[in-house]
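What follows is a short report on a single structure.
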Amino acid sequence: MNVRDFFADRKKRRTVVTISLMVVFFTCTLILVWTCSEKLFQPVGFGKVSPSSVESMWRSRLSRHLPGIYRTQNIDENGKFSYERFSKGDTMYCRYFGLLNIRSEPNTEAAVVAHISYGDSIQVFWKENTGYVRVCYQKPHSAQIVEGYCMMEELSQQAPSDGRVFLDIPRFKQQDPRWGSLPLGDSYETIESAGCATSCLAMSYSYLEGMVTTPDAMAERLFYDEEGNLGFPRSYEKNWDTNYLELSLLKLRDGIPVLIGGFTEDRRPHWVLITGYTGDGTALKASDFLIHDPASDERPTLAEFFTDYPIYNKIVYYTGEES
């Protein structure tokens with residue numbers, strides 16, 4: 001039988017077509033399985049797969065915005081650095097005299113997650129096109145680490161050297177209704193009537209311990225006599241020297257706020273907390289020292305405190321020593 005006669009038979013022709021289609025289908029299936037197997041059966045490990053040429057170009061462009069050592073490194077698949085790298089960012093310093101916001105996102109509408117203050121060091125990682133930079137910040141006297149964004153224009157590569165100091169210390173008022181009516185020990189005095197030193201210690205402890213201690217919580221840690229007079233903790237030192245401005249500045253530069261007490265002409269006492277310094281460090285003036293006054297918002301400087309309480313008493317500051 002010749003080929004023409006073979007294909008003239010309809011049944012045989014149908015058989016040949018069916019077999020041909022099966023061969024084509026089987027061949028295509030083999031090619032598809034072989035192609036996918038390179039991806040499906042790759043060994044699993046912790047190493048990253050080299051990015052494609054397009055992804056590599058994207059990473060390269062993004063890395064141009066990274067400071068220092070990160071300009072040559074890749075970003076991960078989410079466009080972020082892994083946490084382990086946060087200890088190796090470029091160190092920069094806050095040059096804004098006051099509190100600079102760290103926000104959850106790189107825009108002015110995002111929530112404020114922390115503050116940094118003048119001279120604080122911070123780890124910077126990359127720049128956003130909004131003018132913000134990605135930062136990592138460890139709060140003073142605390143193991144807490146905050147990640148977020150702050151304005152690049154308020155940071156400097158060099159630490160400020162003009163002698164000014166600004167400590168990020170919370171403000172508490174002794175007349176606050178949350179604790180103002182609470183008694184001081186077993187005395188007839190309350191935090192509102194005589195809790196200025198207690199409130200100053202609460203502010204000082206909140207900063208030094210890295211966690212909020214309100215005046216009512218502070219009062220539970222202190223001793224008062226029957227007249228409501230406070231016994232300062234043994235870790236605080238009292239100093240009656242007349243060079244209190246010089247000593248206060250030294251303590252501020254060590255990151256330690258200073259309590260200072262004064263009297264009115266009729267011997268009525270009051271305490272405030274020294275939290276910053278705005279002078280040049282040469283001729284020390286009371287007007288250059290910033291204070292938190294637990295009784296008023298009308299006395300932002302030590303000079304204004306002395307206007308109302310002109311008789312100097314003493315300063316008290318934390319030493320950490322339980323004498």
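The figures that follow rest on heavy atoms only: side chains count, while hydrogens, waters and symmetry mates do not.
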Tell me, do [X] and [Y] make a side-chain contact under 4.5 Å, heavy atoms counted?
X	Y	value
Arg221	Tyr205	yes
Phe306	Ile311	no
Gln174	Thr198	no
Gln144	Met211	no
Tyr93	Ile116	no
Leu208	Pro257	yes
Thr301	Thr278	no

Main-chain N/O of [Y] paired with [X] side-chain donor or acceptor, under 3.5 Å:
X	Y	answer
Ser156	Arg95	no
His292	Ile169	yes
Thr213	Ala202	no

Looking only at heavy atoms, what is the nearest atom pair of [X] and [Y], with distance?
X	Y	value
Cys150	Ile122	SG-CD1, 4.5 Å
Gly281	Arg253	CA-NH2, 4.0 Å
Gly148	Ile102	CA-CG2, 3.8 Å
Val165	Leu252	CG1-O, 3.6 Å
Ser187	Asp225	CB-O, 3.9 Å
Trp271	Ile260	CE3-C, 3.3 Å

Between the side chains of Tyr236 and Ser204, does any donor sit under 3.5 Å from an acceptor?
->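 Per modelled atom types, Tyr236 and Ser204 side chains form a pair under 3.5 Å.
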For residues Tyr207 and Thr275, is any side-chain donor paired with an opposing acceptor at under 3.5 Å?
->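 No pair is found: no donor N or O on one side chain lies under 3.5 Å from an acceptor on the other.
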[atom1]-[atom2] distance between [X] and [Y], expressed to the nearest 0.5 angstrom:
X	Y	atom1	atom2	value
Leu184	Tyr224	CG	OH	5.0 Å
Ser248	Phe289	OG	CZ	6.0 Å
Asp280	Asp288	CG	CG	7.5 Å
Gln123	Thr91	CD	OG1	4.0 Å
Phe172	Arg178	CZ	CZ	7.5 Å
Leu247	Asn239	CG	CG	5.5 Å

Just checking [X]: does its [atom1] atom have more than 12 heavy atoms from other residues, nucleotides or ligands closer to it than 6.0 angstrom?
X	atom1	answer
Lys285	NZ	no
Phe263	CZ	yes
Gln157	CD	no
Asp241	CG	yes

Same cluster for [X] and [Y] if Ile/Leu/Val/Met/Phe/Trp/Tyr side chains link at under 4.5 Å?
X	Y	value
Val316	Tyr244	yes
Tyr277	Ile291	yes
Ile315	Leu273	yes
Phe232	Val258	yes
Tyr312	Tyr309	yes

Test log, rule side-chain contact (heavy atoms from CB on, under 4.5 Å), inputs Asn313 and Trp240 | CA-CA 7 Å; Asn313 180 7; Trp240 287 266; 4.0 Å; yes
Using the salt bridge (Lys or Arg N to Asp or Glu O under 4.0 Å) rule, collect all pairs that involve [range], keeping only residues at least two apart or in two chains.
range	value
residues 289-306	Lys173-Asp297, Asp293-Arg299, Arg299-Asp308
residues 148-166	Asp162-Arg164
residues 257-279	none

Evaluate the side-chain contact (heavy atoms from CB on, under 4.5 Å) criterion for residues Met218 and Met203: first the C-alpha distance (whole Å), next the side-chain angles of each, then the deciding distance (0.1 Å), finally the verdict.
-> CA-CA 9 Å; Met218 191 75 248; Met203 291 186 275; over 6 Å; no
Please lay out, stage by stage, how Val113 and Val146 fare under the test side-chain contact (heavy atoms from CB on, under 4.5 Å).
-> CA-CA 8 Å; Val113 296; Val146 177; 3.7 Å; yes
Leu245 and Leu302: CA distance, side-chain angles, deciding distance, side-chain contact (heavy atoms from CB on, under 4.5 Å) verdict | CA-CA 10 Å; Leu245 291 181; Leu302 191 57; 3.7 Å; yes
Counterpart residues, side-chain hydrogen bond (donor to acceptor under 3.5 Å, both in side chains), relative to Ser193 (two or more places apart) =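 Glu189, Thr190.
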Salt bridge (Lys or Arg N to Asp or Glu O under 4.0 Å) with Glu237: which residues, sequence neighbours excluded?
->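 Counting only residues at least two positions away or on another chain, Glu237 forms no salt bridge (Lys or Arg N to Asp or Glu O under 4.0 Å).
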Is the closest basic N to carboxylate O distance between Arg103 and Glu109 below 4.0 Å?
->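 Judged by the 4.0 Å cut-off on N to carboxylate O distance, Arg103 and Glu109 do not form a salt bridge.
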Listed partners of Leu99 passing side-chain contact (heavy atoms from CB on, under 4.5 Å), at least two apart =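 Testing Leu99 for side-chain contact (heavy atoms from CB on, under 4.5 Å), a comparison that skips the adjacent residues, returns His115, Ser117, Phe166, Asp168.
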